[in-house]
Student: 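Shown below is the structure under consideration.
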Amino acid sequence: MSLRIKSLFLFLIFIASSVFAAPAQKSFSDWQVTCNNQNFCAARNTGQHKGLVMTLTRSAGAHTDATLRIDLGNMTTTVVKSPPIAQQLLVDGEPLTLDLAKWQVTPHHLKTGDADAINSFLDKVVNAGVITLAQGPGTISLTGLKASLLFIDSQQQRVGSETAWIKKGDDPPLSVPPAPALKEVALTNPTPTPLTQTELNDLLDYGSWRMNNSQCSLDPARREVRVFALSDDKALLMTGCEAGAYNIVDLAWVVSRQKPFVARQIRLKLPFTPGSGNTELELMNAGYDETNKELTTLAKGRGVGDCGVATRWRFDGQRFRLVRYAEEPTCDEWNASSSWPTLWVTK
């Protein structure tokens, strides 16, 4: 094959592979990995880690944009009584030596974006069993790490290239497809005219009528009608409908701001298929971010809110379109909803 034809062939592969990246979230023994629609991937250890967690992230494309961090306690938790971790990491019981000049070091947090440091670290641990601390609790199980890294290599189409973490080859970095173009969900009216007091009162009355004529089991004393301006002629109307121990399912409508009211119930549909297999999303613990003009949902996996699904949606003048989808399947008190791994992002 001539160089010219080969170059054209690689270019066509780039075009085909960079149009769309299917989000994916997998578990491999004691590790979970998430790759979003930009082929940005994040992996971390789960299981009985006792607060010691290693996280790897990597962007798509030829460049080596990756980070590796080891944390004892998350970024909102301080483990006061534990000594600094940099000098007491053990891999299978043996000291794990780091070139700390290439790391950002604080007592309980280590982070590096240096490609050589990351590769050197992975070479030392990828076939090992466990990372522990010489003093104090904390366990990073390495069972599943290699499979997670191979999954990232495969998802980002690095297998066989010099940039692969596991199955390296001779293909140059530029053989790796770039990230797909970032989708945009534009606001048609970022500064809608505020609701007048008359509009607000009329819409609240209409919302109360809607609420009382909906087949909902939520105690009427706990139901609340909320109204927000979406555009100069449309409003968002929300009310609670069903309740569990820590989740409330809401109903919502796009409503004309003037009488006679014309309402259309909001149904949220994902542009991809998540692990649950369900592309229809309930409005769980719904809210409206008036600063960013986005409808939000938060489906908690349990009461403390350390796992579940968090989404953001933007009104494009006709319907709400997904802006951000984050999911944390592991309930281990590690991440707050703002830090859950993303499967869908936009600009």
Side-chain angles (χ1 to χ4, degrees), residues 21 23-47 49 51-75 85-86 89 91-92 96-100 102-106 108-133 138-159 161-168 173 176 179 326-330 332 334-335 339-343 345:
Q25 192 166 59
K26 301 280 187 181
S27 291
F28 300 95
S29 298
D30 294 328
W31 278 74
Q32 74 175 33
V33 57
T34 306
C35 296
N36 66 22
N37 60 319
Q38 288 291 288
N39 263 342
F40 174 85
C41 298
R44 74 172 179 95
N45 62 296
T46 55
H49 52 68
L52 186 65
V53 171
M54 181 171 92
T55 305
L56 279 153
T57 66
R58 193 171 201 182
S59 299
H63 50 83
T64 55
D65 186 5
T67 63
L68 188 158
R69 62 182 304 134
I70 299 174
D71 300 290
L72 181 60
N74 60 34
M75 301 308 294
I85 64 175
L89 292 173
V91 56
D92 290 343
L96 179 57
T97 304
L98 305 178
D99 182 357
L100 295 181
K102 297 179 179 179
W103 292 72
Q104 299 173 35
V105 181
T106 58
H108 303 126
H109 307 284
L110 307 175
K111 180 181 179 181
T112 182
D114 185 274
D116 291 335
I118 293 173
N119 289 334
S120 174
F121 183 92
L122 293 178
D123 286 343
K124 294 175 182 178
V125 305
V126 73
N127 291 310
V130 65
I131 295 175
T132 53
L133 298 174
T139 300
I140 299 174
S141 170
L142 299 172
T143 304
L145 169 61
K146 190 172 186 177
S148 296
L149 297 180
L150 181 57
F151 180 83
I152 292 175
D153 282 346
S154 177
Q155 191 78 1
Q156 296 182 344
Q157 300 183 46
R158 297 182 185 277
V159 175
S161 82
E162 297 172 1
T163 68
W165 273 334
I166 301 300
K167 290 190 175 181
K168 292 182 180 294
V176 180
E327 181 171 358
E328 176 55 77
T330 303
D332 60 357
W334 184 249
N335 277 328
S339 301
W340 291 349
T342 60
L343 283 92
V345 293

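Count residues from 1 along the sequence. In this text the structure is predicted, and so the values were computed from the model without any measurement.
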Student: With a 4.5 Å cut-off on side-chain heavy atoms, are W334 and D71 touching?
Tutor: yes
Student: Can you find a heavy atom in the side chain of D116 that is under 4.5 Å from one in the side chain of D99?
Tutor: no
Student: Can you tell me if Q25 uses its side chain to pair, donor with acceptor, with the backbone of P329 under 3.5 Å?
Tutor: no
Student: Does any part of the side chain of L56, heavy atoms only, come nearer than 4.5 Å to the side chain of W165, both counted from C-beta?
Tutor: yes
Student: From the options L142, I140, T139, select the one residue that forms a side chain to side chain contact (heavy atoms under 4.5 Å, CB included) with V130.
Tutor: T139
Student: With sequence neighbours excluded, what pairs up with A117 under the side-chain contact (heavy atoms from CB on, under 4.5 Å) test?
Tutor: K102, W103, T112, D114
Student: Within the structure provided, determine whether C41 and F151 are in side-chain contact (heavy-atom separation under 4.5 Å).
Tutor: no
Student: Would you please name every residue forming a salt bridge (Lys or Arg N to Asp or Glu O under 4.0 Å) with R44, sequence neighbours left out?
Tutor: E328, D332
Student: Could you tell me whether a side-chain N or O of Q155 sits under 3.5 Å from a main-chain N or O of N39, the two making a donor and an acceptor?
Tutor: no
Student: Indicate yes or no: at least one non-hydrogen side-chain atom of T64 is less than 4.5 angstrom from one of I118.
Tutor: no
Student: Taking C-beta and beyond as the side chain, do I166 and V126 meet within less than 4.5 Å on heavy atoms?
Tutor: yes
Student: Does the side chain of N45 reach to within under 4.5 Å of the side chain of L145, using non-hydrogen atoms?
Tutor: no
Student: Measure the shortest side-chain to side-chain distance between I70 and F121 over non-hydrogen atoms and say whether it is less than 4.5 angstrom.
Tutor: yes
Student: Distance-only, no hydrogens or angles: does the R158 side chain make a donor-acceptor pair with backbone N or O of G61 under 3.5 Å?
Tutor: yes
Student: State, without any angle test, whether S27 and Q32 hold a side-chain donor-acceptor pair at a distance under 3.5 Å.
Tutor: no
Student: In chain order, what residues pass the side-chain contact (heavy atoms from CB on, under 4.5 Å) check against T342, with sequence neighbours excluded?
Tutor: N36, R324, A326, V345
Student: If the condition is ring pair (Phe, Tyr, Trp, His ring centres under 6.0 Å), which residues does F40 pass it with, not counting sequence neighbours?
Tutor: none
Student: Salt bridge (Lys or Arg N to Asp or Glu O under 4.0 Å): which pairs involve residues 138-157, sequence neighbours left out?
Tutor: none
Student: Apply side-chain contact (heavy atoms from CB on, under 4.5 Å) to residues L133 and L72 and explain how you reach the verdict.
Tutor: CA-CA 10 Å; L133 298 174; L72 181 60; 4.1 Å; yes
Student: List for me each residue that meets side-chain contact (heavy atoms from CB on, under 4.5 Å) alongside S120, sequence neighbours excluded, and say none if there are none.
Tutor: K124
